[in-house]
> 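Supplied in structure tokens, the structure appears directly below.
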Amino acid sequence: MSERELRRDLAVLPMSVVRELTGLSDRQVRYYDQQGLIEPQRGAGKQRRFSLDDVDRLLQIAEYLDAGYTVAEIHEVDQKQQRKHTKEPSEESLRHMLADELLNIGRLNGKQKF
DNA sequence: CTTCTAACA
DNA sequence: TGTTAGCA
């Protein structure tokens with residue numbers, strides 16, 4: 001009885017599932033991939049294989065986008081996060097904490113887009 | 001039939 | 001972004 005943990009990092013989801021899970025069009029998902037916001041795994045025939053983490057990430061991206069952020073700005077907050085994230089193993093809730101934290105960064109950065 | 005890339009009425 | 005064309 002081992003490994004009953006859900007591997008959120010395993011990329012096994014096809015575009016069709018991600019499309020329904022995120023509500024995004026495959027066009028958008030591919031575009032975000034092209035912009036380097038996500039790095040899905042590739043399967044036979046170059047077909048993208050997403051993990052649950054990728055889905056979370058996509059939801060995250062969509063949230064920032066309709067909050068008014070540009071792709072470039074999302075990349076910026078990613079970098080600012082990397083530096084704080086360099087240590088400390090991440091927990092489950094850490095992911096959600098990051099969301100609020102990043103939103104605050106944008107607010108303190110003079111972006112009253114909310 | 002599903003996904004992929006590239007291109008544009 | 002949608003959508004369509006032409007391949008895997």
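The chains referred to below are lettered A, B, ... by the order of the sequence lines, with proteins before strands, and numbering in each begins at 1. Atom set for the values below is all heavy atoms of this structure, side chains included, hydrogens, waters and symmetry mates excluded.
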> To the nearest Å, how far apart are A:Lys46 NZ and B:dT5 P?
8 Å
> Are A:Arg30 and B:dC4 close enough that a side-chain N or O sits under 4.0 Å from OP1 or OP2?
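So the side chain of A:Arg30 is within the cut-off, an N or O lying under 4.0 Å from OP1 or OP2 of B:dC4.
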> Between A:Asp66 (CG) and C:dT1 (P), how many Å, whole number?
10 Å
> Write down the partner of C:dT1 under the Watson-Crick or G-U wobble criteria, each distance required to be under 3.5 Å.
none
> Do any side-chain nitrogens or oxygens of A:Tyr32 fall under 4.0 Å of OP1 or OP2 in C:dT1?
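Answer yes for this pair, as a side-chain N or O of A:Tyr32 is under 4.0 Å from OP1 or OP2.
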> In Å and rounded to the nearest 0.5 Å, what is the CG to CZ distance from A:Asp78 to A:Arg83?
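Going from the CG atom of A:Asp78 to the CZ atom of A:Arg83 covers 12.0 Å.
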> When the distance from CG of A:Asp26 to C1' of C:dG2 is rounded to whole Å, what number comes out?
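Answer to the nearest Å: 10 Å.
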> Pick the closest DNA chain C nucleotide for A:Gly45 and for A:Leu65 by heavy atoms, then say which residue is nearer the 5' end.
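Closer to the 5' end of DNA chain C: A:Leu65.
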> Step through the shown structure and confirm whether more than 12 heavy atoms of other residues, nucleotides or ligands are within 6.0 Å of CD on A:Glu39.
no
> In whole angstrom, what separates A:Arg48's CZ from C:dA8's C1'?
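After rounding, the gap between these two atoms is 14 Å.
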> Any strand is fair game: report the nucleotide pairing with C:dA8 by Watson-Crick or G-U wobble, both distances under 3.5 Å, or none.
B:dT2
> Roughly how far, to the nearest 0.5 Å, is CZ of A:Arg8 from CG of A:Asp54?
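One gets 11.5 Å once the value is rounded to the nearest 0.5 Å.
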> Starting at the 5' end of DNA chain B, which residue's closest nucleotide do you reach first, A:Pro14 or A:Arg27?
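In this pair, the answer is A:Pro14.
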> Rounded to the Å, how far apart are A:Arg19 CZ and C:dT3 C1'?
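Checked: the CZ to C1' distance equals 14 Å.
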> A:Met15 CE to B:dT2 C1': how many Å, rounded?
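Going from A:Met15 (CE) to B:dT2 (C1'), I get 11 Å.
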> Strictly below 4.0 Å: does A:Gln28 bring a side-chain N or O up to OP1 or OP2 of C:dT1?
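Looking at the OP1 and OP2 atoms of C:dT1, one of them is under 4.0 Å from a side-chain N or O of A:Gln28.
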> Can you measure A:Asp33 atom CG to B:dT5 atom C1' for me and round it to whole angstrom units?
12 Å
> How long is the span from the OH atom in A:Tyr69 to the CD atom in A:Glu76, to the nearest 0.5 Å?
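Those atoms lie 10.0 Å apart.
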> Determine, step by step, whether A:Arg57 and A:Asp53 satisfy the salt bridge (Lys or Arg N to Asp or Glu O under 4.0 Å) criterion, reporting the C-alpha distance in whole Å, the side-chain angles of both residues, the deciding distance to 0.1 Å, and the verdict.
CA-CA 6 Å; A:Arg57 171 65 170 156; A:Asp53 283 332; over 6 Å; no
> Answer with base, sugar-phosphate or nothing: what part of the nucleic acid does A:Arg49 contact at a heavy-atom distance below 4.0 Å?
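Since no nucleic acid heavy atom lies under 4.0 Å of A:Arg49, the category is nothing.
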